[in-house]
Number of protein chains: 2
Amino acid sequence: MVNKQKNLDEMANLFKKNGIKNTKQRQRVFDYLASCNQPVTADAIYDALKIELLNDDRVNLSTVYRVLDIFVKNRLVTKTSFGNDYKAVFELYRVEHRHHLICVRCNAITAIKGCPLKGYEQSLSQATHFKILEHRLEILGVCPKCQN
Amino acid sequence: MVNKQKNLDEMANLFKKNGIKNTKQRQRVFDYLASCNQPVTADAIYDALKIELLNDDRVNLSTVYRVLDIFVKNRLVTKTSFGNDYKAVFELYRVEHRHHLICVRCNAITAIKGCPLKGYEQSLSQATHFKILEHRLEILGVCPKCQN
DNA sequence: GTAACTGCAAACCTTTTGCAGCTTG
DNA sequence: CAAGCTGCAAAAGGTTTGCAGTTAC
C-alpha cells in the first residue's frame with residue numbers, strides 16, 4: 001500500500017467527520033474495503049484480515065459486522081444482497097454508484113459502466129409520489145468463460 | 001374463491017405439465033401465492049395457511065420451503081430478496097415481469113408499471129459478451145404516507 | 001476518567017436436512 | 001406398489017447480542 005500515512009490520515013479525518021471513533025479494527029475493515037473493487041461478504045473481510053494480520057491482531061467476526069453496521073449507517077458503505085445465495089455484501093460507497101453483472105455459474109462479479117436508470121427515478125417519483133432514496137439493480141447471466 | 005373447481009383443474013394441469021406431483025400442500029401454497037399481488041416470505045405463507053386451515057391441515061414450514069423450491073426450479077415462482085432485512089421473498093412468476101418500490105419506513109410494497117430496462121439488456125450483452133438471463137431491480141424510498 | 005469499542009460465547013432467525021411414516025399416480 | 005412427499009426435530013449458516021475487559025478521546 002503506497003503512501004500509508006496519507007491513507008491513515010484521510011481515514012482518520014473521514015471517521016472524525018462522521019463521529020466515528022478511530023480504532024485499529026475500523027481502519028482495517030475500511031482499508032480492506034477500499035482495496036476491493038467488488039462487493040464482499042462480512043466473512044470474506046474476516047478471512048482476508050485473518051490472513052493478513054498476526055494472530056493476535058485478528059478482527060473478530062462480530063466486530064466486522066458491528067463495524068460494517070456503523071459504516072452503513074454513516075453511508076460510507078452500502079449493503080446489498082444478490083446472487084444465488086442471499087448473504088449480505090458490502091462495498092465502499094462511491095460517489096458514482098455502480099451495478100453488477102453476476103455469473104450464475106461461477107459467481108464472478110463484473111461492474112457495469114454507467115447506470116441505465118439515470119433520469120428514470122425522477123419520472124417515477126412524479127408518478128408515484130414516493131421520495132426515492134436509492135435503487136438496487138443486479139443483472140444475472142452467464143459469463144463468456146462459463147458459456148462453454 | 002370463485003370457481004374453485006376450475007382453479008383446481010388448472011392447477012392440476014400446470015403441475016402435471018411440469019412433472020410436479022399434485023398434493024394438497026402444493027395446491028395450498030400455489031393458491032395462496034396466486035392470491036397475493038406481492039412478493040411474500042416463506043414465513044408469511046406459513047402463517048397465512050396456518051390461520052386459514054384447521055389445525056390438522058397445517059402445512060409445515062419445511063414443506064413450504066420445499067414446495068417453493070420446486071416451484072422456483074420449475075419457473076412457476078420467482079425468488080428474490082430485498083428491503084432492509086434480507087429474507088427471501090417469493091412471487092408467482094408472471095409473464096410480464098415487474099419491479100417494486102419499497103418504503104424503507106413501513107416496508108409497503110408497490111408494483112411499478114413497466115420495466116425501465118427494456119432493450120437495455122441487449123446492448124449490455126453485446127458490450128460484455130455475457131448471456132443475460134434476468135435482472136433484479138428494486139427501488140427504495142419513502143411512501144407518501146410516511147413522508148410526514 | 002468515562003463512554004464507547006472489542007472479543008468471546010451464546011443466542012437468534014431463516015433455511016436446510018435426515019428420517020420414519022404417509023400419499024399419489 | 002414404488003417413488004416421492006410430508007411432518008417433526010434437529011442442524012446448519014449467517015447475523016446479532018450480552019457481558020466483562022480494554023481502548024480512544
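Residue numbers begin at 1 in each chain, while the letters A, B, ... track the order of the sequences.
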(message) With a 3.5 Å cut-off and heavy atoms only, can you find an N or O donor on one side and an acceptor on the other between the side chain of B/Arg66 and the base of D/dG4?
(response)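 For B/Arg66, whose side chain was compared with the base of D/dG4, there is no donor-acceptor pair (under 3.5 Å).
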(message) Would the base of C/dA4 count as contacting A/Thr23 through its side chain, where contact means a donor and an acceptor less than 3.5 Å apart?
(response) no
(request) Describe the nucleic acid contact of B/Asn22 in one word from base, sugar-phosphate, nothing, applying a heavy-atom distance below 4.0 Å. (result)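 Touches sugar-phosphate only.
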(message) Between A/Arg58 and B/Thr41, which residue's closest nucleotide on DNA chain C lies nearer the 5′ terminus?
(response) A/Arg58
(request) By nearest nucleotide on DNA chain C, pick out whichever of B/Ile20 and B/Leu61 is the more 5' one. (result)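 Upstream on the strand: B/Leu61.
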Which nucleotide in the set [options] lies at the smallest distance from any side-chain heavy atom of [X]?
X: A/Ala88; options: C/dT17, D/dT15, D/dG4; value: D/dT15
X: B/Asn60; options: C/dG7, D/dC8, D/dT15; value: D/dC8
X: B/Lys21; options: C/dG7, D/dT15, D/dA3; value: D/dA3

(request) Check whether more than 12 heavy atoms from other residues, nucleotides or ligands sit under 6.0 Å from atom NZ of B/Lys50, and answer yes or no. (result)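 Yes, NZ of B/Lys50 has more than 12 neighbouring heavy atoms, counting only those of other groups under 6.0 Å.
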(request) Could you tell me whether B/Lys79 and B/Asp69 have a side-chain N and a carboxylate O separated by less than 4.0 Å? (result) no
(message) For the residue pair A/Thr41 / A/Asp43, report whether a side-chain donor-acceptor contact shorter than 3.5 Å exists.
(response)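 Side chains of A/Asp43 and A/Thr41: no pair found under 3.5 Å.
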Could you check how far [atom1] of [X] sits from [atom2] of [N], rounded to whole Å?
X: A/Asp69; N: C/dC5; atom1: CG; atom2: P; result: 12 Å
X: A/Lys87; N: D/dT15; atom1: NZ; atom2: P; result: 8 Å
X: A/Lys73; N: C/dC5; atom1: NZ; atom2: C1'; result: 14 Å
X: B/Tyr65; N: D/dA9; atom1: OH; atom2: P; result: 18 Å
X: B/Lys24; N: C/dT24; atom1: NZ; atom2: P; result: 6 Å
X: B/Ile70; N: C/dT16; atom1: CD1; atom2: C1'; result: 14 Å
X: A/Phe15; N: C/dC5; atom1: CZ; atom2: P; result: 12 Å
X: B/Leu68; N: D/dC5; atom1: CG; atom2: P; result: 14 Å

(message) With a 6.0 Å cut-off on the ring centroids, do B/Phe15 and B/Phe30 count as close?
(response) yes
(request) Name the orientation class of the two ring planes belonging to B/His99 and B/His135 (parallel below 30°, tilted from 30 to 60°, perpendicular beyond 60°). (result)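 Tilted, since the angle between the ring planes falls between 30° and 60°.
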(message) Does a side-chain N or O of A/Gln25 approach OP1 or OP2 of C/dG7 to a distance below 4.0 Å, or not?
(response)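 Affirmative; the distance criterion is met.
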(request) Give a yes/no on whether any side-chain N or O of B/Ser62 is located under 4.0 angstrom from OP1 or OP2 of D/dG7. (result)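 Checking D/dG7 against B/Ser62, no side-chain N or O comes under 4.0 Å of OP1 or OP2.
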